[in-house]
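In the text below, chain A, chain B and the rest are named by the order of the sequence lines, each starting its count at 1. This is a predicted model, so every value here is computed, not measured.
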Amino acid sequence: MILDIANLQGDGQRQYQQDFFALSDADPAAVTTHGFDLVLADGMGGALDGAEIARETVDLLYERLVPVAPSGTPRERPMPATSNEQVLSAIEEANTRIYQRYHESGGTTLVVARIREGQLWFASVGDSNVYLRRRGRLLELTRRHEYLYDLYDHVLDGLLSIEDARDNPQAKALSSFIGSGSLRIDHSQEPFALESGDVLLVCSDGISDTLTTTQLLEASAQSAQHCCDLLEDMIKTVALPNQDNYTAIVVCYA
Amino acid sequence: MKQCERGHFFDDVRYQECPYCEKVQPAYGSTISVSKEIVEPTATASATAREPEALEPGATAPENSATPAVEPAIQSIAPATPAVEPAAQTPTPSQTTAPAIQAAAPAAQTPTPTPAASAFPAATASATAASAPQEIGATVGVFTSKVGIDPPVAFVVVIDGPDKGASFALKAGRSFIGRGADSDVALPGDEAVSREGHALISYDARKNSFLAASGQGRQISYLNGVELVDPQPIKAYDLIELGRSKLSFLPFCGEEFSWDAL
Ligand SMILES: [Zn+2]
């Protein structure tokens, strides 16, 4: 299993960096032995809270997922989650911890993705994105936990018009996040096999809200680092006056 | 490029220490509170705070014959075959497994049966002040009790694909399209169609109109050649494509006729 991995992060026009992420050792030998894990969180909350929450959540998950740090030193308290159920438990643990401290005045999105023996498994909470590029197509593997989708449910029942749903001031609010009193976790039911040439793109909404899927598709045609460079160029070209923090993790599977 | 203790790749020629790991510092002194960023979580929290009612575990669905009582579609990822063809099945995300939130599994766009719908007034009262919950909630019930039967409101004909020639009468509420035999529109021959809830068509009895929507699992469907992302209104002879199947839609209710008129 050969993985080509790169990451990108920028502050955009924000005063704080509220995205945080972590990757396991990308060294080929480590990947062969342990597989590969990534964690991404996009914090929300006033001032520094969002950043702290994202950092704490990522660190908690990283501690649970990754037994050996990239430097090769075993972690102090290795508690590697061997099953995906344990990862879900760790996500719930993070949720409880953040909820008890912030009572929904702050929180974070979270994506965890694991690649083991050519199989991908992931979990997502909130509106960060997991894309898979396969044979020239970009598949969005998650549906954002936005209140809009709950409203769409009512649209389908004829209780609300599409316009009312879209115009709802809460439409973009997160319907699930780490630190929520009513957590929902979306995750793959079972790991599924990656194909040679697949590209996994995990990003915060600072990427996916600024760039089009066509741009993501174009960037993901490149090697991992080149993809990250291209994404950054694209974001700087769009130059949104209120560009959000942006983070991307790109994993090319060969 | 070097990996730090958290695995961040950084340019160790430019940076001595990982720039991503740096502890966050207030950029412009500590007195600043950024209003936008404070507002966001509040909105989030209040929207979410309403959720539990809608998603109360163990809530029993009230009898409502106008809404097909469809099990929350459990999409299993086809381990070996995530989708690649234009309309094949995509690797499906999304099942909530935590026992405490099992009932919440039909997330956002899940074909949620009645619990969420019945909780609608409470769930969205403040979010959608414009709509009047009681009146709305009653509409569907009135529709069925008046008629006393469960009559067809539209028809779907499979015009291409393994199940070509099959036809289906749609009832009021939501009709789910899937490979499983218990789907309202069942396409048992099309392996590229999800077992449950690949796509759905809903009939709005109040407005006498139809909507097509993708199912929960991000399987791709097309309406007249365009990917169905948001729910879209559909009309006579519109073409719905999913998997290797093409379906034509024929409304029965509409301007010319509605069961309410009887
Ligand atoms: Zn670092």
*CD1-CZ distance between Ile220(B) and Arg137(A), expressed to the nearest 0.5 angstrom*: 6.0 Å

*Heavy-atom side-chain contact between Ser202(B) and Asp157(A) under 4.5 Å*: no

*Are Glu22(B) and Gln17(A) side-chain neighbours, meaning at least one heavy-atom pair lies under 4.5 Å?*
no

*All side-chain contact (heavy atoms from CB on, under 4.5 Å) counterparts of Thr109(A), not counting sequence neighbours*: Asp42(A), Asp127(A), Ser128(A), Leu174(A)

Under 4.5 Å from any heavy atom of chain B, what part of [X] do you find: side chain, backbone, both or neither?
X         : answer
Ala26(A)  : both
Phe21(A)  : both
Asp19(A)  : neither
Leu194(A) : neither
Thr247(A) : neither
Glu85(A)  : neither

*Give a yes or no answer on whether the side chain of Gln3(B) reaches the backbone of Ser24(A) with a donor-acceptor pair at less than 3.5 Å.*
yes

*Backbone of His8(B) reached by a side-chain donor or acceptor of Asn7(A) within 3.5 Å*: no

*Test side-chain contact (heavy atoms from CB on, under 4.5 Å) on Leu23(A) and Arg6(B) and set out the steps.*
CA-CA 6 Å; Leu23(A) 315 174; Arg6(B) 286 188 180 89; over 6 Å; no

*Between Asp167(A), Ile162(A), Val130(A), Ile249(A), which has the largest tally of heavy atom pairs under 4.5 Å with chain B?*
Ile162(A)

*Which is it for Val155(A) and Asp230(B) under the side-chain contact (heavy atoms from CB on, under 4.5 Å) test, yes or no, and what are the steps along the way?*
CA-CA 10 Å; Val155(A) 170; Asp230(B) 300 331; over 6 Å; no

*Can you list the residues that meet the side chain to side chain donor-acceptor pair (under 3.5 Å) rule with Asn95(A), with sequence neighbours excluded?*
none

*Might you point out which heavy atoms bring Cys4(B) and Pro70(A) nearest each other, and give the distance in Å?*
O-CG, 3.3 Å

